[in-house]
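Written below as structure tokens is the structure these notes are about.
Only this structure's heavy atoms are used, side chains among them; waters, hydrogens and symmetry mates stay out. Since the structure is predicted, the reported quantities are computational estimates derived from the model, not experimental observations. Reminder, nothing fancy here: chain letters follow the sequence lines and each chain counts from 1.
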Amino acid sequence: MTQPSAHRDNAREDALTEAESTADGGSGASSGRRRGDVAVPALGPVGMLRWAWTQLTSMRTALMLLLLLAVAAVPGSLFPQRVQGQAAVERWLDDHPTAGPILDSLQVFDVYSSFWFSAIYLLLFTSLVGCIIPRAKKHLEQMSSPPPRTPRRLERLPQHGAVELDDDGPAPEQAVREAARVLKGRRYRVDVREASTDARGREVPASVGAEKGYLREIGNLLFHVSLVGVLICVAAGSMFSYSGQKIVTEDESFVNSLVSYDNFVPGTAFDESQMEPFSVTLDSFERIFDRENPSHYGQPLDFTADVTVREEPGAEPEEHELKVNHPLTFGGARVFLVGNGYAPEVTVRDGAGDVAYSGPVVARAQDSVYTSTVVIKAPDARPEQLSFVGLLLPTAQEGDSGAAVSVDPALQNPQLQLNSYAGDLGLDSGEPQNVYVLDTEGLTELNSRTSESGGLSLGVGETAELPDGLGSISFDGVTNYIGIDIHYNPGKTGVLIFALAALAGLILSLFLRRRRAWVTATTNEAGRTLVTYGLLARGEDFRLREETIALRSRFEKQWPVRAPEQAHHETPTDEQDGPGRRGRGASGREK
Amino acid sequence: MPTFTGSIDQELAQYSDLFMLIAALIYTGAFLMFALDIARSSVTIRRLEADLAAEQEAERAERSAQVRATASAGAGSSAAGSAGAGGFDAEGSGEAPGAVEASAEDLVDDEMTYTGIARPLANVAVALTILAALAHGFAVGARATAAGRVPWGNMYEFLTTGALVVAAVYLVSLLRKDLRFLGTFAVGLVVVMMTAATIGFPTPLGHLQPSLQSPWIVIHVSVAVFSMGLFTLTFAMSVLQLIQHRREAKRAAGMLSDTGGWQFMRMVPSAMALENRAYRINTIGFVTWTLTLIFGAIWAEEAWGRYWGWDTKEVWTFVVWVVYAGYLHARATRGWTGSRSAWLSIIGFACVIFNFTVVNTLFAGLHSYAGLPE
Ligand code: HEM
């Protein structure tokens with residue numbers, strides 16, 4: 001692409017600087033002065049190739065890998081992910097019997113731990129490390145060595161200008177020292193150079209070289225190093241982490257040990273001894289619904305779980321409130337309120353009149369009015385095992401279709417609508433079963449809306465007899481349950497610290513300016529001191545012009561300066577550089 | 001944050017709805033004015049050229065009495081301005097000569113300062129935008145006051161607040177730079193957002209659901225919306241940059257006659273000036289987006305116990321971040337500056353919009369707060 005851009009990357013700048021400072025020192029000496037215009041880094045062809053390779057290839061590779069990373073992350077939002085939940089993935093696989101297994105083998109359901117996603121970010125971070133180490137070294141060198149050599153022709157720099165001092169102004173050597181003080185006052189690091197002659201016997205005027213904004217590069221390095229830090233903490237954190245879920249009904253306790261979880265996900269380096277032995281008992285649960293706004297009537301406003309916690313077995317019990325967004329903390333482990341619902345309490349009696357099941361059953365809310373699905377399994381019932389599936393309606397009302405529906409999330413008229421089944425539940429086979437799902441295949445339907453005996457519909461305190469004397473079910477009341485998530489991740493503090501460090505580095509590197517300035521002083525034909533200055537930015541700098549203007553006004557305050565019109569013609573610019581574009585753009589002379 | 005205890009001020013809520021509609025209507029008027037300004041730009045330009053010619057005529061007379069060197073400064077403020085900005089970067093001496101001629105034809109200054117070109121239609125448009133933004137600000141403020149909480153709890157509120165931020169960011173930038181050429185884009189987007197909010201997602205005022213009741217919503221969402229306001233501006237600049245770039249290439253190849261081409265583009269700064277300005281805004285946008293990401297992670301940690309879980313919304317926030325990181329790298333990579341980086345800025349914005357619209361409404365995730373009826 002030949003399109004010009006205002007951005008000078010470091011490579012181009014370095015080339016310029018090199019060319020300026022060694023203008024005539026290289027191989028082109030015999031070709032005379034004009035050769036100095038061509039940017040020939042003093043590195044030799046091999047060195048230049050290597051330089052080109054590190055500058056071009058790695059930066060471009062980094063860019064490609066970054067873009068690739070963005071693209072590779074997208075499928076994770078289009079396909080269900082196992083990190084989000086196994087159930088959605090299973091459903092997708094069931095729905096797509098051909099595409100599913102193929103995509104699964106490509107790890108499309110585990111994008112963020114897939115071999116291809118990992119390959120991209122590992123390559124990226126390898127490139128990153130390979131990039132920052134030499135950069136850091138180079139920057140350290142630059143910080144401990146004086147600012148770069150003074151270019152021979154300052155007027156070739158993007159920003160430059162000259163002031164001619166009055167007859168009573170200081171001599172060149174003195175002017176340079178004073179210029180150094182001015183630059184220092186603007187927080188440049190300065191290096192004063194005496195007048196001398198170079199290797200080829202030409203006179204080199206006294207000058208000062210200055211540079212500031214070293215923090216910009218440090219910011220850049222800090223940013224990139226911190227990204228590596230984030231990655232390491234994320235990886236280490238997930239190795240030692242664990243998380244899990246548990247449903248707790250009122251008056252029930254949860255003890256933090258492996259056996260008590262409904263669902264548990266350990267990290268690869270997890271060890272059970274890491275688990276804090278706390279316990280949480282749900283004393284009561286309260287929901288507040290919006291009762292004022294007609295438009296949002298019944299929208300949940302607040303959930304509060306009153307819990308009793310013990311830090312460890314035998315510790316003093318403490319009462320706490322557990323709310324959404326307000327977790328409980330035990331050492332490194334945190335307990336979050338993530339869900340809630342109703343648990344109807346039922347008693348199932350079998351054909352022999354014995355209690356086959358008694359207690360709360362977790363009902364899963366399906367909508368905003370807490371219409372909840374219920375599955376009851378009573379494997380102890382005799383002569384036949386009994387099971388029930390149906391709905392809990394918190395506020396039941398006759399619906400349009402004749403069937404009852406829930407019209408409010410609060411418990412105003414709770415009702416159970418159930419189908420009942422008899423037959424072997426298959427729980428003895430040892431195969432794990434989902435407690436929230438009833439596989440009715442192979443079971444004998446006893447009650448349903450389509451069956452002869454009709455569906456079961458129970459209010460609180462009511463009991464229904466099952467057909468054929470197989471038993472009965474009573475609806476004793478409703479309690480609450482909460483769903484809690486327990487999370488332990490020791491890496492998160494590190495992740496946060498490195499993320500904030502990256503942010504700080506980013507701000508430094510994007511908004512600080514790295515600038516170099518040089519000032520030379522000579523005596524012109526009229527015997528007056530002529531101070532020439534030039535500025536160069538490394539990286540993006542849109543305010544270099546302002547800096548030049550500020551510097552010039554400092555000089556004008558420092559010395560008795562001759563008016564620009566008088567000085568104009570004596571400015572030793574290049575012959576081609578008339579008062580045209582370059583001269584104008586380059587300095588604040590007109591101001 | 002027991003925000004749920006207060007009751008909702010229904011009357012104020014109605015005023016809010018009313019002013020939202022009024023604001024949307026005035027924005028539409030402003031948008032039409034901006035569009036008209038584009039359509040009439042050839043007239044403006046002709047008038048301007050007549051003025052310039054007269055001015056130069058007067059100067060020539062004056063100049064004949066003076067030294068040659070002094071006069072070159074009078075070649076029109078626009079030429080001087082763009083040469084100034086161009087001179088700063090033109091260390092590659094090969095690029096310089098063409099640019100001098102180019103600046104003679106363009107009528108605005110690359111520094112995007114106000115040049116005093118009279119554009120009555122654009123001025124009316126700006127005035128209307130200010131008026132609309134005032135009504136809009138009142139509407140959003142009234143909604144917040146009526147509910148006693150921050151006004152970003154559902155899609156309607158995201159859109160109306162987001163539109164207000166876009167308008168405000170645009171108006172504030174106008175104080176510093178002459179970005180009137182962006183008006184059609186910025187205000188057009190505001191109109192789209194307001195229309196989508198009031199027609200697509202009208203949501204009566206309510207309280208926040210428990211999962212949104214966190215101080216982090218204030219911090220996280222406000223930074224996110226602010227970043228989106230910035231990315232909107234840079235998106236428009238990048239699009240114009242691509243158009244301007246093609247025009248400049250054509251002109252360089254001598255394929256563009258003086259009257260041909262898209263007249264309006266003569267009132268738009270050069271591709272390079274657009275690129276620089278977009279870059280500077282994008283750097284701020286990238287920093288605030290990084291903050292969005294960090295605050296979002298902190299909030300996720302507070303609410304769900306994990307700072308990052310590759311939820312759909314999180315995926316897209318990450319994608320946006322990586323694309324803009326790519327953009328910043330591209331600006332430092334040879335061969336990737338100019339049009340290619342402009343494309344990355346455009347793609348980044350497309351991802352932002354996707355994240356905001358499609359992900360909010362169609363994808364199920366923990367972040368489904370769109371407040372849409374089931
Ligand atoms: C994890 C992936 C990376 C991300 C997210 C990232 C992000 C960024 C960002 C946002 C910037 C601009 C801010 C600044 O100047 O500090 C930047 C600059 C830079 N990055 Fe990266 N980077 C990544 C990897 C790399 C790699 C692998 C390299 C080495 C090839 C690299 C080299 C650079 C350089 C040299 C700059 C400075 C550009 C300039 O001088 O303007 N980055 N990076």
Any chance you could lay out the side-chain contact (heavy atoms from CB on, under 4.5 Å) test for A/Val74 and B/Val315, step after step, and finish with the verdict? CA-CA 7 Å; A/Val74 172; B/Val315 171; 5.9 Å; no
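Counting heavy atoms from C-beta on, the side chains of A/Val234 and B/Tyr307 come closer than 4.5 Å. Counting heavy atoms from C-beta on, the side chains of B/Trp310 and A/Gln81 never come closer than 4.5 Å.
Ring geometry, B/Phe318 versus A/Phe117: the interplanar angle falls from 30° to 60°, so the pair is classed tilted. Ring planes of A/His224 and B/His329: tilted class, angle from 30 to 60°.
Looking at B/Trp308, neither its backbone nor its side chain comes within 4.5 Å of chain A, counting heavy atoms on both sides. Interface remark: A/Leu124 contributes no atoms to any contact with chain B (heavy atom separation under 4.5 Å). Residue contact with chain A, scored on non-hydrogen atoms closer than 4.5 Å, involves the backbone and the side chain of B/Ile284 alike. With a 4.5 angstrom heavy-atom cutoff, A/Phe511 touches chain B only via side-chain atoms. With a threshold of 4.5 angstrom between heavy atoms, A/Phe79 does not approach chain B through any atom at all. Heavy atoms of B/Leu344 lying under 4.5 Å from chain A belong exclusively to its side chain.
Counting heavy-atom pairs closer than 4.5 Å to chain B, the top residue among A/Leu500, A/Leu69, A/Val71 is A/Leu69. Each of A/Leu503, A/Val335, A/Asp485 has some count of heavy-atom pairs under 4.5 Å with chain B, and the biggest count is that of A/Leu503.
For A/Ala70 against B/Val323, the heavy-atom pair with the smallest separation is CB-CG2, 3.9 Å. The minimum heavy-atom distance linking B/Glu302 with A/Phe336 is given by the pair O-CE2, 3.0 Å. Nearest approach of A/Leu67 to B/Gly326, heavy atoms of both residues: CD2-CA, 4.4 Å.
Interatomic distance, CG of A/Leu63 versus CZ of B/Arg340, reported as 9.5 Å (0.5 Å rounding). Note that CD of B/Glu301 and CG of A/Leu496 are 9.5 Å apart. Values are rounded to the nearest 0.5 Å.
The neighbour count for A/Arg82 CZ, taken as heavy atoms of other residues, nucleotides or ligands under 6.0 Å away, is above 12.
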